[in-house]
Amino acid sequence: MRILMLSQFYHPIVGGTEQHVRTLSLALVALGHDVAVVTIQHAGQASFAMDQGVRVYRIRASMQRLPGMFGDNKRQHAPPLPDLELVLALRQIIAVEHPHIVHAHNWLVRSFLPLKTWSKARLVVTLHDYKLVCAKETLMHHGLPCSGPGLVKCLGCAVHHYGLVKGVPTVLGNWAMGMPERAAVDMFIPVSQATAVGNGLMRGDLPFQVIPNFISDTMTVPSVDAEPYLAQLPAEDFLLFVGTFSRSKGLDILLQAYAKLTNAPPLVLIGYPTPEWSIPTADCTDKVFIFADWPHEAVMGAWSRCSIGLIPSTWAEPFGIVALEAMSRGKPVIASRIGGLADIVIDGETGFLVAPGDPDVLQKAIQCLLDDPLRRERMGQMGRDRVVAFQAKSVVPRIEQIYQELVAA
């Protein structure tokens with residue numbers, strides 16, 4: 001079967017969605033499928049590359065030519081409306097690839113919609129966030145969980161987040177293209193029940209199946225290339241946070257909780273800065289180590305060396321693949337009881353689920369595990385056992401079955 005993945009970012013750009021798309025693509029190639037990925041081209045990247053049997057096309061968007069459109073030039077997002085340059089580039093690639101399935105993972109799908117009928121391909125969209133209803137993707141309204149979309153409310157919220165020039169067209173574009181996307185998609189795949197609810201799939205008759213994110217079957221050993229990164233880690237046990245440097249990830253809550261710990265080990269933060277919050281050195285002590293833009297292999301090496309994984313998100317994480325990565329390395333995880341994280345971490349067995357936004361509760365959970373090494377080890381082993389249900393060998397066949405049923409239909 002010929003499959004075309006659409007993802008605005010792809011390896012070597014790091015992130016949960018990016019890692020998912022790559023792992024899925026490689027797993028499908030291993031199963032004998034013909035897979036290509038289309039992604040947005042960033043500075044220094046070749047327009048075409050091979051990634052272990054996956055053909056990777058990188059294309060430019062008209063939006064990239066406008067000055068000041070992106071706060072982070074290393075992560076230039078696809079627009080919520082069809083972009084003429086992206087549409088034309090996609091048409092050329094589809095004419096070469098002739099895909100049976102187009103599987104999209106974010107707003108790059110909007111530039112495929114005008115081509116859907118012409119392509120004769122079936123369209124699958126994995127919902128990794130709340131883009132279908134929220135222009136900010138987070139379903140958060142001024143720092144609190146949003147009760148639901150509304151045009152006036154969304155405009156005010158997006159303008160506050162993006163600014164007037166970007167906020168208004170982003171909201172209007174997302175609202176305008178939401179209905180055509182819902183009509184064109186043959187199957188939505190929300191990565192958790194929380195994602196399905198947040199995107200409004202439960203209230204209508206849209207076709208969807210909840211299928212979780214997953215990790216690779218293999219436990220790779222960090223290569224020599226990762227060692228310069230790992231050499232920067234503390235020599236002793238440390239706590240580890242991996243994610244974007246933003247308040248929605250609960251970094252400010254984590255730093256408050258960390259300051260209250262007794263005999264605290266070092267805290268390592270690995271991620272990348274955002275326009276909302278650059279690397280937060282002003283809030284850190286000399287026991288807090290901050291590393292940006294690490295490759296995935298080095299991140300997995302850090303999970304292997306830490307003692308506890310921390311995911312204190314204050315927004316409803318659609319899934320939380322970092323929890324799986326920590327558990328795959330035999331580490332207990334302390335996460336917020338919100339969104340898809342509650343589908344992964346079993347409270348009291350593979351770690352703790354705590355109330356989001358409460359530094360005191362988070363501090364107590366961390367201290368509990370720091371004071372009980374045997375419990376940490378037991379939880380870590382239970383987490384390693386649980387991860388089997390979230391490995392490629394367990395999840396990819398479910399996605400493959402959707403492809404087969406859509407093509408047969």
Side-chain angles (χ1 to χ4, degrees), residues 16 138-140 143-146 191-195 197-198 212-213 237-271 277 280 283-284 288 303 306-384 386-387 390:
T138 61
L139 212 58
M140 296 285 284
L144 298 172
C146 181
V191 296
S192 67
Q193 191 74 9
T195 311
V197 172
N213 278 335
D237 286 346
F238 57 88
L239 309 174
L240 179 58
F241 163 93
V242 175
T244 56
F245 297 147
S246 66
R247 285 179 172 79
S248 66
K249 292 291 185 179
L251 255 187
D252 52 339
I253 303 299
L254 173 56
L255 292 173
Q256 292 174 45
Y258 180 72
K260 300 177 181 182
L261 292 173
T262 303
N263 298 321
L267 170 64
V268 174
L269 311 177
I270 301 177
W277 195 6
D283 303 306
C284 302
V288 177
W303 282 126
C306 78
S307 57
I308 303 171
L310 303 173
I311 312 175
S313 300
T314 57
W315 75 301
E317 289 274 4
F319 188 74
I321 204 165
V322 290
L324 292 183
E325 293 178 340
M327 290 158 62
S328 74
R329 293 307 198 239
K331 308 302 176 183
V333 173
I334 300 174
S336 296
R337 191 190 300 274
I338 191 171
L341 290 169
D343 294 349
I344 305 171
V345 179
I346 300 179
D347 190 31
E349 294 186 16
T350 64
F352 291 130
L353 291 171
V354 300
D358 190 329
D360 293 328
V361 172
L362 179 59
Q363 179 265 328
K364 290 176 182 176
I366 298 172
Q367 194 72 60
C368 176
L369 288 186
L370 287 177
D371 295 341
D372 195 342
L374 290 178
R375 191 173 194 183
R376 290 204 307 270
E377 184 177 353
R378 185 170 66 253
M379 283 182 162
Q381 184 55 53
M382 294 181 75
R384 196 191 296 270
R386 177 161 171 72
V387 158
F390 296 95

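Quick caveat, the model's predicted, so the values are computed rather than measured.
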Visitor: What heavy-atom pair brings I308 and R376 nearest, and what distance separates the two atoms?
Guide: CG1-CD, 3.7 Å
Visitor: Considering only heavy atoms from C-beta outward, does the side chain of P332 approach that of R375 to under 4.5 Å?
Guide: no
Visitor: Tell me the closest heavy-atom pair linking L310 and L239, and the distance in Å.
Guide: CD1-CB, 3.8 Å
Visitor: When rounded to the nearest 0.5 angstrom, what is the spacing between CG in D372 and CZ in R378?
Guide: 7.0 Å
Visitor: With heavy-atom distances below 4.5 Å as the criterion, would you say the side chains of F241 and V322 are in contact?
Guide: no
Visitor: To the nearest 0.5 Å, what is the distance between CG on L144 and OG1 on T314?
Guide: 9.0 Å
Visitor: Compare all side-chain heavy atoms of L139 with those of W315 and state whether any distance is below 4.5 angstrom.
Guide: no
Visitor: Supply the atom-to-atom distance T262 OG1 to L370 CG, rounded to the nearest 0.5 angstrom.
Guide: 9.5 Å
Visitor: State, yes or no, whether a side-chain contact exists between C306 and K331 at a heavy-atom distance under 4.5 Å.
Guide: yes
Visitor: Taking side chain as C-beta onward, heavy atoms only, is V333 less than 4.5 Å from I344?
Guide: no
Visitor: First locate atom CD of E317, then atom OG1 of T138, and finally report the distance between them rounded to the nearest 0.5 Å.
Guide: 10.5 Å
Visitor: What is the minimum heavy-atom distance between P318 and T195, and which atoms define it?
Guide: O-OG1, 3.1 Å
Visitor: What's the separation between atom CD in Q363 and atom CD1 in I253, rounded to the nearest 0.5 Å?
Guide: 13.0 Å
Visitor: What distance separates L362 CG from F352 CZ, expressed to the nearest 0.5 Å?
Guide: 11.5 Å
Visitor: Can you give me the closest heavy-atom contact between S313 and S336, atom names plus distance?
Guide: O-OG, 2.6 Å
Visitor: Under 4.5 Å between any side-chain heavy atoms of L254 and L267, yes or no?
Guide: yes
Visitor: Taking all atoms of both residues into account, what is the closest heavy-atom pair of D343 and S192, and its distance?
Guide: OD2-CB, 3.5 Å
Visitor: To check you understand the geometry: which heavy-atom pair defines the closest contact between Y258 and A264, and what is its length?
Guide: CE1-CB, 3.7 Å
Visitor: Please determine whether the number of non-hydrogen atoms from other residues, nucleotides or ligands lying under 6.0 Å from atom CD of Q381 exceeds 12.
Guide: yes
